[in-house]
Protein chains: 2
Amino acid sequence: MKNKIKIERAIHDLTQADLAEKIGVSRQTINAMEKNKYVPSTVLALKISRLFKKPVEEIFFLDQDD
Amino acid sequence: MKNKIKIERAIHDLTQADLAEKIGVSRQTINAMEKNKYVPSTVLALKISRLFKKPVEEIFFLDQDD
DNA sequence: ACTTAATGTAAAGTTTATTTTACTTTTTGT
DNA sequence: ACAAAAAGTAAAATAAACTTTACATTAAGT
């Protein structure tokens, strides 16, 4: 899976730490998500897409491995 | 988090086992998801919503605990 | 160039998702 | 009523998410 969190963060001018705090996870979790180190839970995907006011599918994408 | 997997399954006339096979998880995982025993990964949410041709947000919902 | 903020990374630990096996209960069809 | 299919459940095991701490690297501002 891939995602556009970094881009959305730039659009909204948020640091990783800002975003982490807003959705209630650690900064490293945001960093690891952006770097595709692991797949976030659906709760996180919903929170992030709600914050960025975009559908989940516009931020998170399945790829070949999935 | 809550979800409408059971309803979507009924609409598409799929058993838990059918759905499990289609998205590549065990039947118990589907059952547990329907029973809100745990939160699925975003990959599963995307696969399920793709299969049911509906946005993730129409199948999975944040609630108070989230 | 210097300082600070932001990002990247990593290891160890905890929690939670998911699997496997297996059994019970409920639903459905005849 | 009976048989078969589907759903519910549970325990043990494994994999993966997420946290915490801590440090290194990069970017940005003065």
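Throughout, protein chains are lettered first and strands after them, A, B, ... in sequence-line order, and every chain is numbered starting at 1.
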Stepwise salt bridge (Lys or Arg N to Asp or Glu O under 4.0 Å) check, B:Arg9 with B:Glu34: CA-CA 10 Å; B:Arg9 231 175 12 84; B:Glu34 287 188 7; 2.5 Å; yes

Contact under 4.0 Å: B:Ser41 side-chain N or O vs D:dA16 OP1/OP2: no

Residue mapping more 5' on DNA chain D - nearest nucleotide basis, B:Gln28 or A:Gln28: B:Gln28

N or O in side chain of A:Arg27 less than 4.0 angstrom from D:dT19 OP1/OP2: no

For atom CD1 of A:Ile23 and atom C1' of D:dT19, their distance in whole Å: 14 Å

Interatomic distance, A:Leu19 CG vs C:dA6 C1' [rounded to whole Å]: 14 Å

B:Lys6 or A:Ser26, whichever maps to the more 5' nucleotide of DNA chain D: B:Lys6

Residues A:Arg27, A:Glu21: salt bridge by 4.0 Å N-O rule: no

Carboxylate-amine/guanidinium proximity below 4.0 Å for B:Glu8 and B:Lys54: yes

Short side-chain N/O contact from B:Arg9 to OP1 or OP2 of D:dA6, under 4.0 Å: no

Value in whole Å for how far the P atom of D:dA16 lies from NZ of A:Lys35: 21 Å

Heavy-atom side-chain proximity of A:Gln16 to A:Ile5 below 4.5 angstrom: no

Selected nucleotide, minimal atom distance to B:Thr29 side chain, candidates D:dG8, C:dT19, D:dT19: C:dT19

Side-chain N,O (A:Asn31) to OP1/OP2 (C:dG8) below 4.0 Å: yes

